[in-house]
Amino acid sequence: MNVSRPASSRLSAATRVALAGGIALSSVVLLSGTAFAHVSVQPQGEAAKGGYATVNIKVPNERDNASTVKLEVNFPLDHPLASVMPQPVPGWKAEVTKSKLSKPLELHGKTINEAVSKVTWTADGSKIGPGQFQQFPLSLGQLPEDTDQLVLKAIQTYDNKEVVRWIEEAKEGADEPQNPAPVLKLSAASGDHHGAATSPSASASASASADEKGGHDDKAGAHEEKTASASSSSSDTTARILGVIGILVGIAGVAFGVLAGRRRSA
C-alpha cells in the first residue's frame, strides 16, 4: 500500500536537495577562483628577442595556515642568459647560481662560458603570509633570438616544510596543468633584430640613455609597482566576483527548490 508523504516532508526534502546543489556549485566556483593563484612571471614593458627586459616573479601564498619562506627560479641553459640580476627586496636574501655552458655564448665580442641557472630568494626577516603575495624583480638579458618563450621552473617552500613545484609545462591543446611553470613570452626582435646592446653605437646610445634616465628611476619604479599592484588587484577581484556569483547561484537554487516544493504540495 502506497502511503503519501506529508507535504511538509516533501518540501523539506526539496529544500535540502536545492541547498546541497547550491552549496556544491558555489564551492566549484570558489575553488575555480583560486586556480589563478600560481607563481608567474610578468614582464615590465617589452621582452623582445635579442634585447633586455625587467620582469617580476609574482608569488602568491596559497595556504591558509603557512607562510612562504623560500622561492627558487630556474633558468633554461638551452637558451642561456648571460645576465640575470635580482633587485633587492627588503626582508629577502637573493642568491644567484651560475653553471658552465656546454656551448659558450658570444656577447659584445666576449666569449661567455657560464650563465645563470638559478636564483634563490630566502626569507631574511620577512615572509609571504596567508592572503598575501610578493614580487621579485629581475633584470634579464640578452634574451635569446631562437625561441618564442622562456620556461622558468619555480619551487615554492612554506614554513611548514611543504614544497610546491611549479614545473609542469603546458601542452598545446591541453588544459592548464595543476602546477604550471612560469612562462616568459618573447616578442619579435626590434631594430636590427639583435637587441639594443649588440653594436658599439647602440651600446653608446644605451649608456647615454641610462645616464639621462638616472633621475627618473624612482618614478619609473613607482609606476611599475602601481601597474603590478593593479594587475594583482584585477586577478583577486576576478576570483572574488566568481565566488559571489557561485553564492548567488546557490541561493537561487535554494529558492527554486522551495518554490518547487510548495507547488507540489499545493
Side-chain angles (χ1 to χ4, degrees), residues 33-45 47 52-99 114-141 143-144 149-170 176-186 221 224-236 239:
T34 63
F36 293 100
H38 52 67
V39 175
S40 61
V41 55
Q42 302 171 338
Q44 303 304 295
Y52 292 78
T54 298
V55 303
N56 282 333
I57 307 296
K58 183 179 178 182
V59 184
N61 192 325
E62 293 189 314
R63 301 296 179 261
D64 296 327
N65 58 354
S67 298
T68 297
V69 293
K70 185 178 180 181
L71 175 71
E72 175 185 311
V73 176
N74 295 275
F75 295 85
L77 291 180
D78 55 343
H79 299 293
L81 299 174
S83 175
V84 177
M85 295 187 295
Q87 179 177 318
V89 177
W92 294 83
K93 178 182 178 182
E95 180 182 358
V96 178
T97 302
K98 293 185 176 182
S99 297
E114 61 179 12
V116 173
S117 57
K118 179 173 63 177
V119 177
T120 304
W121 289 270
T122 305
D124 186 20
S126 184
K127 59 185 178 180
I128 309 173
Q132 300 178 342
F133 76 94
Q134 178 65 55
Q135 295 188 108
F136 298 94
L138 289 170
S139 174
L140 307 179
L143 297 175
Q149 64 182 30
L150 291 176
V151 179
L152 310 180
K153 296 183 179 181
I155 299 175
Q156 182 178 12
T157 302
Y158 290 88
D159 55 8
N160 63 355
K161 308 303 181 183
E162 179 185 3
V163 176
V164 181
R165 301 179 183 276
W166 302 97
I167 62 174
E168 299 176 39
E169 297 188 40
E176 183 181 63
Q178 183 176 356
N179 294 319
V183 176
L184 176 62
K185 299 289 187 179
L186 304 182
E224 290 177 1
E225 182 177 354
K226 182 178 180 180
T227 301
S229 298
S231 176
S232 171
S233 176
S234 176
S235 296
D236 294 341

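Residue numbers run from 1 in the order of the sequence given.
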Got a sec, which residues hit side chain to side chain donor-acceptor pair (under 3.5 Å) with Lys185, two or more places apart in sequence or on another chain? Gln149

Flag side-chain contact, heavy atom, 4.5 Å: Leu143 against Tyr52: no

Run the side chain to side chain contact (heavy atoms under 4.5 Å, CB included) test against Ala181 and tell me which residues pass, sequence neighbours left out. Val151, Lys153

Sorted by chain and residue number, the side chain to side chain donor-acceptor pair (under 3.5 Å) partners of Trp166 (sequence neighbours excluded) come out as Gln156

Mind checking what makes side chain to side chain contact (heavy atoms under 4.5 Å, CB included) contact with Asn160, not counting sequence neighbours? Ala66, Tyr158, Glu162

Test item: Pro144 and Leu81 side chains (from C-beta on) under 4.5 Å apart, heavy atoms: yes

Donor-acceptor contact present, side-chain Asn61 to main-chain Gln132, <3.5 Å: no

Lys98 side, atom NZ; Leu77 side, atom CG - distance, nearest 0.5 Å: 12.5 Å

Shortest non-hydrogen contact between Ala47 and Pro43, atoms and distance: CB-CB, 4.2 Å

Decide side chain to side chain contact (heavy atoms under 4.5 Å, CB included) for Val73 and Val41; before the verdict, give the C-alpha distance in whole Å, the side-chain angles of both, and the deciding distance to 0.1 Å. CA-CA 10 Å; Val73 176; Val41 55; over 6 Å; no

When you measure from the side chain of Glu62 to the backbone of Pro60, do you find a donor-acceptor pair of N or O atoms at a distance under 3.5 Å? no

Listed partners of Gln178 passing side chain to side chain contact (heavy atoms under 4.5 Å, CB included), at least two apart: Glu168

Measure the CG-OG1 distance between Leu140 and Thr54 for me, rounded to the nearest 0.5 Å. 7.5 Å

Inter-residue atom distance Leu186.CG - Leu150.CG, 0.5 Å rounding: 5.0 Å

How close do Phe75 and Val84 get, counting heavy atoms only, and between which atoms? CZ-CG1, 3.8 Å

Counting only pairs under 3.5 Å, give me each side-chain donor-acceptor contact of residues 114-131, with atom names and distances, residues two or more places apart or in other chains.
from, atom 1, to, atom 2, distance (Å)
Ser117, OG, Thr97, O, 3.3
Ser117, OG, Ser99, OG, 2.8

Residue pairs, two or more places apart or on separate chains, that pass side chain to side chain donor-acceptor pair (under 3.5 Å) and touch residues 71-85: Glu72-Asn74, His79-Asp146

Do His38 and Asn179 come close enough that some side-chain heavy atom pair is under 4.5 Å? no

